[in-house]
J.: 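Quick one: structure below, then a few questions.
Keep in mind it's a predicted model, so treat the numbers as computed, not measured. Order of the sequence lines fixes the chain letters, A, B, ..., with proteins taken first and strands second; residue numbering starts at 1 for each chain.
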Amino acid sequence: MPSFDEFTRESKIFRDRDVLSPHYVPDILPFREHQLRELMSSLAPALMGKKPRNLFIYGKTGTGKTCSVRQVAKKFEEKSTNGKAAIIYLNCRIHNKPYRVMDKVAKTVLAGFDKQGYGLPQIYEGLLKWAGDGRHLIIILDEIDMIKHLDELVYTLTRANDELKSGGISIIGISNKTLLKDELDPRTKSSLYERELVFPSYSANELQKILQQRAELGFKAGAFTPGAINLAGAIAGQESGDARYALKILSRAAEIAEETGKDKITDAEVKSARDMVELDIVKEQIEKLPENHQLVLYAVAKLSATGSRYARLEGEGENDGYLFSGEIYEEYVQLSKKLRRPSKTARSYRSYLNDLEMLGLLTTVESGKGIRGHTKLIRLGHPAQEVMRILSKSMEGGG
DNA sequence: CCTCCACAGGAAGCGCAGGAGT
DNA sequence: ACTCCTGCGCTTCCTGTGGAGG
């Protein structure tokens with residue numbers, strides 16, 4: 001019989017788990033002074049009754065975009081006590097259409113719109129009336145690239161500004177897509193990009209400082225070594241400069257330390273945490289792959305595990321472990337047959353291979369020096385056993 | 001040298017699902 | 001609710017590449 005003591009016993013590692021979670025917003029954002037100042041200076045006009053210019057924020061994942069904006073939004077709300085300015089944060093993954101955005105804005109800002117069932121024209125009129133009294137609204141659109149018909153939304157909002165004599169509506173767009181600019185209507189582009197702000201990736205050094213800060217808040221004194229923090233920062237810095245990834249490694253390391261009964265996070269925990277986080281990411285990637293991609297990947301994994309049926313390459317160690325494109329296709333066809341699914345053409349199969357390579361799930365090499373004419377040699381990017389385990393679970397459940 | 005094999009990957013067309021317009 | 005349109009995944013067809021074999 002297990003005892004509750006086992007689970008309620010105070011942690012030897014954690015002081016406050018929330019501090020390590022990806023949703024935690026720290027009071028101090030290191031290395032973002034410039035961005036915070038820029039944000040504040042672009043919002044400040046609204047506090048003085050002037051219309052802020054629209055702002056577009058760009059930066060890769062885990063560079064502190066959302067964190068910074070939310071923090072500034074909070075400060076803005078504290079300052080704006082006269083009811084003449086409002087700020088609203090929306091994640092466009094959820095509010096991904098013009099109507100949904102407008103609806104949400106109306107429900108949070110306008111009185112009487114909290115019930116459902118208002119059409120766009122009513123919402124629009126409502127907003128005009130609200131802003132017409134000399135009020136300013138700032139709409140933050142996080143992950144703005146997820147919005148369908150962004151052109152339409154931006155057009156509607158800028159048109160509202162044109163109709164207003166006093167007051168106004170400003171947009172802060174946040175995205176991690178560089179190419180978004182090219183997909184937009186020129187007019188949308190020029191109004192959305194009135195002002196731009198870039199969040200660069202963190203360096204290893206900066207990540208180490210960030211982790212240090214979190215570790216001091218989240219872990220007990222002496223529950224981590226400086227080396228472990230630096231290693232986690234170095235790994236994340238080398239991979240991506242993504243602070244979220246760095247934090248993931250650190251909190252995983254902490255969990256490992258706790259589960260194994262250690263009272264300290266060391267390099268060893270960080271190293272195994274790295275592998276686990278890596279595998280988590282791979283798992284996520286594989287699970288949302290389309291069916292045929294999964295089947296092809298499974299075929300590669302299976303052949304990697306059982307060995308190529310064709311002769312080994314001319315005794316060259318460096319090419320060892322590569323599979324021929326042709327045999328993988330055959331395996332894929334058989335696999336499909338076994339699962340009673342129609343297999344696709346060899347041509348399609350080649351596209352799948354390219355997709356999988358693009359995702360880093362496998363590596364391919366063009367043959368050329370004396371091997372089988374013109375073909376591709378393929379090798380799995382991750383341990384075959386793990387890939388097969390993930391896939392067999394995913395294919396069972398996913399249909 | 002030519003031809004065949006075993007592939008790579010571009011171009012075009014086809015059927016389908018889902019959104020827009022009416 | 002109906003058609004119309006559009007994007008997407010696939011297939012078909014095709015041209016190119018480079019070693020093997022006659």
J.: Grab the CG-C1' distance between A:Leu377 and B:dA6 for me, whole Å please.
T.: 12 Å
J.: Does a side chain donor of either A:Ser68 or A:Gln71 reach within less than 3.5 Å of an acceptor in the other side chain?
T.: no
J.: When the distance from CZ of A:Phe324 to C1' of C:dG18 is rounded to whole Å, what number comes out?
T.: 14 Å
J.: Just the rounded figure in Å: distance from C1' of B:dC7 to CD1 of A:Ile378.
T.: 11 Å
J.: How long is the line joining NE2 of A:His293 and P of C:dC10, in whole Å?
T.: 8 Å
J.: Please assess A:Phe219 against A:Phe14 for the test ring pair (Phe, Tyr, Trp, His ring centres under 6.0 Å), listing each intermediate value before the final yes or no.
T.: CA-CA 4 Å; A:Phe219 300 141; A:Phe14 287 102; 5.7 Å; yes
J.: Rounding to a whole Å, what distance do you find between A:Leu353:CG and B:dA6:C1'?
T.: 14 Å
J.: Heavy atoms under 4.0 Å, any strand shown: does A:Asn292 hit a base, just sugar-phosphate, or nothing?
T.: sugar-phosphate
J.: OP1, OP2 of C:dT11 versus side-chain N and O of A:Thr345: anything below 4.0 Å?
T.: yes
J.: Do A:Glu278 and A:Tyr245 meet the criterion of a side-chain donor-acceptor pair at a distance under 3.5 Å?
T.: yes
J.: How long is the line joining CZ of A:Arg347 and C1' of C:dT12, in whole Å?
T.: 11 Å
J.: Mind calculating the distance between CG (A:Asp355) and P (B:dG9) to the nearest angstrom?
T.: 12 Å
J.: What residue among A:Ile235, A:Leu231, A:Leu211, A:Leu207 forms side-chain contact (heavy atoms from CB on, under 4.5 Å) with A:Ile249?
T.: A:Ile235
J.: OH of A:Tyr349 versus P of C:dT11: gap in Å, rounded?
T.: 14 Å
J.: Please work out if A:Tyr352 contacts a base, only the sugar-phosphate, or nothing of the nucleic acid, heavy-atom cut-off 4.0 Å.
T.: sugar-phosphate
J.: If only side-chain N and O atoms of A:Lys376 are considered, is one of them under 4.0 Å from the OP1 or OP2 phosphate oxygen of B:dG9?
T.: yes
J.: If we ignore angles and hydrogens, is there a donor and acceptor under 3.5 Å between the side chains of A:Ser394 and A:Gln294?
T.: yes
J.: Using a 4.0 Å heavy-atom cut-off across all strands, classify A:Ser325 as base, sugar-phosphate, or nothing.
T.: sugar-phosphate
J.: Give a yes/no on whether any side-chain N or O of A:Arg350 is located under 4.0 angstrom from OP1 or OP2 of B:dA8.
T.: yes
